There are 4 protein chains.
Amino acid sequence: VEANAEAAGGAAPTQGRRSRARHRREAQVEFNRIVAFSDGVFTIAITLLVLGLFIPEGVSDLTETLLKQSGDLFAYAISFAVIGRFWLVHHRFFSGLERFDDTLMRLNLLYLGFIGLVPFSSQVLGDYGDQTAATVLYALNMIAVTLAFALETGYAHRHGLIRAGETEQETHLARRSSVLFSVIFGSSIPVAFVSPTAASLMWIALFLVGRRLVRRLPPPR
Amino acid sequence: VEANAEAAGGAAPTQGRRSRARHRREAQVEFNRIVAFSDGVFTIAITLLVLGLFIPEGVSDLTETLLKQSGDLFAYAISFAVIGRFWLVHHRFFSGLERFDDTLMRLNLLYLGFIGLVPFSSQVLGDYGDQTAATVLYALNMIAVTLAFALETGYAHRHGLIRAGETEQETHLARRSSVLFSVIFGSSIPVAFVSPTAASLMWIALFLVGRRLVRRLPPPR
Amino acid sequence: VEANAEAAGGAAPTQGRRSRARHRREAQVEFNRIVAFSDGVFTIAITLLVLGLFIPEGVSDLTETLLKQSGDLFAYAISFAVIGRFWLVHHRFFSGLERFDDTLMRLNLLYLGFIGLVPFSSQVLGDYGDQTAATVLYALNMIAVTLAFALETGYAHRHGLIRAGETEQETHLARRSSVLFSVIFGSSIPVAFVSPTAASLMWIALFLVGRRLVRRLPPPR
Amino acid sequence: VEANAEAAGGAAPTQGRRSRARHRREAQVEFNRIVAFSDGVFTIAITLLVLGLFIPEGVSDLTETLLKQSGDLFAYAISFAVIGRFWLVHHRFFSGLERFDDTLMRLNLLYLGFIGLVPFSSQVLGDYGDQTAATVLYALNMIAVTLAFALETGYAHRHGLIRAGETEQETHLARRSSVLFSVIFGSSIPVAFVSPTAASLMWIALFLVGRRLVRRLPPPR
């Protein structure tokens with residue numbers, strides 16, 4: 001009956017200080033709001049990507065203009081895949097979370113702040129994909145997202161906020177995947193100074209083989 | 001009591017590998033997040049359509065400018081109807097889903113990627129509706145959405161992720177409706193090279209009689 | 001136990017044809033998705049209003065430009081109030097809804113289509129509030145919203161989808177309020193041809209005294 | 001069983017007039033919608049911030065243009081932090097709320113109206129951060145948000161809508177934090193007339209030490 005009442009109203013009196021980590025069942029409504037807020041930022045950011053494609057009224061040759069949009073479409077596709085992938089990983093991280101506290105919520109906000117920048121980096125990449133600066137900006141944005149996520153998951157790990165067992169292994173997998181992500185995007189920055197296109201190809205390769213690579217590495221001790 | 005605890009926290013320990021299809025009751029929170037994410041993309045895409053209508057500051061004759069917006073209004077109306085229709089069908093598909101796995105989530109992201117492009121295609125259609133390129137772009141976007149949905153529902157079907165019984169019939173209906181959609185939008189592409197307006201009229205006809213047509217065809221064996 | 005299982009998974013098998021009106025408890029997940037979708041459109045539309053205020057980079061006198069934004073701020077304020085009010089009424093209507101069917105969902109989409117246009121009408125009103133065309137456009141948008149809502153609630157009423165008792169009285173109140181809304185916005189259209197400002201003042205008056213007026217009228221027989 | 005049925009459908013018949021404050025458990029669906037609506041506005045506003053960063057197509061020196069975006073990045077960062085902070089506080093306020101009524105919902109809308117303006121103020125701050133008018137606009141927006149929140153929480157407090165006990169202390173903390181917020185942003189306005197940069201530094205200081213400051217003050221009697 002107790003658990004039931006909570007599910008119904010989320011109204012269980014909070015015990016202790018607010019900085020204490022709370023169990024997700026204990027603060028069901030709050031936990032759901034954090035999840036919903038995160039999902040909201042992901043969803044809106046992913047949908048705002050399309051704004052980078054809008055074309056002005058009154059262009060003289062529409063067919064030509066649309067055919068030239070291939071850079072924009074590439075940026076849209078990769079950014080949709082990137083945000084979608086981050087969302088899946090974030091999703092998995094949160095479903096394995098057992099407790100949460102204020103610090104975790106702040107680190108989550110930091111992380112979301114960098115996710116929220118992706119439509120900007122993507123717009124620049126779409127319009128200036130052949131220039132080094134655009135490629136570097138995009139890679140920096142990706143690295144910032146990954147580092148913020150490493151901070152967030154590392155904090156959760158160190159403070160025992162994650163459910164034990166298999167889920168913990170999943171977190172290891174997610175974190176190892178983050179490292180691969182940082183390494184590829186990091187090493188694409190010097191490459192971009194030679195050839196922005198080569199840097200973009202590295203990102204595509206990451207998406208095609210990255211997942212398999214991460215799974216083949218030996219499991220964490 | 002068991003089912004109750006899950007409803008409260010979605011915290012049932014996951015058994016087996018993550019690539020295994022999970023029952024929606026087993027992973028309630030996750031399932032709801034996927035639904036919420038999908039709905040979010042639909043909702044934001046449908047609401048971003050209005051941005052295609054915005055007019056610049058300082059036009060000399062406002063009345064004339066507004067009266068010329070009929071193309072924009074047509075694009076808004078048809079895109080709202082299209083996204084709304086897709087949402088209803090997606091909605092029905094998900095309510096009949098009993099299990100889900102990672103591949104289904106990826107196919108769902110692919111599908112949402114094309115839904116997210118509709119505000120762009122719609123903006124181009126609104127501003128250049130009398131040109132072949134705009135009409136072809138719009139039709140291609142619609143076909144891509146439909147094919148992605150066919151992939152998603154086909155996968156769910158083949159892997160037994162859908163609840164048996166009447167709901168399965170609904171899925172057949174939804175898939176047959178997708179075929180009609182593709183055929184009409186596909187055949188409107190050559191028409192658009194002769195007359196973009198005729199192509200638009202085909203789409204309107206699809207909306208007016210399509211549903212009745214689909215229902216009259218014999219039920220799947 | 002039965003009701004409980006449904007709350008947990010929303011997975012009760014659907015009985016009968018899909019066009020049949022279903023009880024909200026029977027199709028909990030679906031009902032919640034419709035509510036969430038509607039709320040999403042309201043929320044995004046209300047938040048997109050701010051885009052009408054954005055100013056270009058590089059204006060010469062910022063202070064003057066900002067002070068001239070009073071028209072934009074008025075449009076923002078009234079549109080925020082309007083969408084907020086519509087949301088409250090829609091909110092109340094849905095909380096009194098006991099069953100829903102496909103037609104109701106379609107009428108709801110039509111209604112949301114006009115809600116989604118408000119950011120456009122508001123942007124035009126903000127930039128051209130001293131012109132008749134802008135005022136008429138805004139009033140027409142409001143009337144379309146109200147009529148679509150009358151269609152939706154009228155349908156729900158005629159088909160017994162609303163919970164009996166006091167809630168029904170609330171629906172009457174909501175519908176009467178819609179009539180007042182239409183009358184004021186409708187009669188502001190001819191006024192706008194003489195003075196757009198006078199039309200705007202009528203709207204403000206509607207917000208200040210409208211609610212009290214509606215409550216003072218005799219209850220429905 | 002009773003509480004259970006409500007959790008499942010939110011379908012408990014409303015007793016008494018609608019202006020009566022209702023318990024959140026009694027009107028679960030409605031309460032959740034208000035929370036979702038508020039979260040939606042926060043989420044969309046925070047994600048729209050990125051639109052202030054978009055750069056036009058065809059700038060001659062991309063590297064230089066991007067390096068000049070530091071003002072925009074500062075505005076993005078501080079606005080993300082501000083909206084995120086407001087969200088946390090609002091979040092906490094709502095989780096301590098036991099009852100709600102129509103007036104509270106209206107005050108909440110007023111509050112959200114000012115939250116929704118932040119992307120505009122932030123865009124102006126990003127592009128004109130070195131000008132007094134931009135800094136004053138931003139500070140005024142922050143003060144309006146804080147005052148509206150004070151109205152909302154004050155009303156909830158006076159009408160006994162908040163759960164007794166520790167949560168009440170949290171509300172005191174939140175309100176005291178609001179006062180500090182208003183004082184800092186208020187006093188930054190005259191400072192902005194001398195140096196807009198100094199005003200910005202005051203805001204940063206508020207974020208770095210504000211929380212600690214509020215916690216050190218003696219608890220409310």
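A quick note: this is a predicted structure, and the numbers were derived from the prediction, not measured.
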One should read off an interatomic distance between B:Y128 OH and A:L66 CG, to the nearest 0.5 angstrom, of 8.5 Å

Does any backbone or side-chain atom of A:L53 lie under 4.5 Å from a heavy atom of chain B? Answer side chain, backbone, both or neither. both

Would B:I115 and A:T47 satisfy side chain to side chain contact (heavy atoms under 4.5 Å, CB included), going step by step from the backbone distance to the final call? CA-CA 9 Å; B:I115 289 287; A:T47 322; over 6 Å; no

Are the side chains of A:R92 and B:D102 in contact, using a 4.5 Å heavy-atom criterion? yes

Chain A contacts, top residue of B:V118, B:L110, B:T132, B:L48 (heavy-atom pairs, under 4.5 Å): B:L48

Would you mind checking which part of B:V124 comes under 4.5 Å of any heavy atom in chain A, side chain (CB onward), backbone (N, CA, C, O), both or neither? side chain

Identify which part of B:L117 has an atom lying under 4.5 Å from any heavy atom of chain A, answering side chain, backbone, both or neither. both

So, do A:T43 and B:D39 sit near enough that their side-chain heavy atoms are less than 4.5 Å apart? no

Should the pair B:F120 and A:F54 be assigned to parallel (<30°), tilted (30 to 60°) or perpendicular (>60°) ring geometry? tilted

Side-chain heavy-atom pair B:I34, A:W87 within 4.5 angstrom cut-off: yes

Bottom line for B:A45: the part with an atom under 4.5 Å from chain A's heavy atoms is both

Please state whether the side chain, the backbone, both or neither of B:L112 comes within less than 4.5 Å of a heavy atom of chain A. both

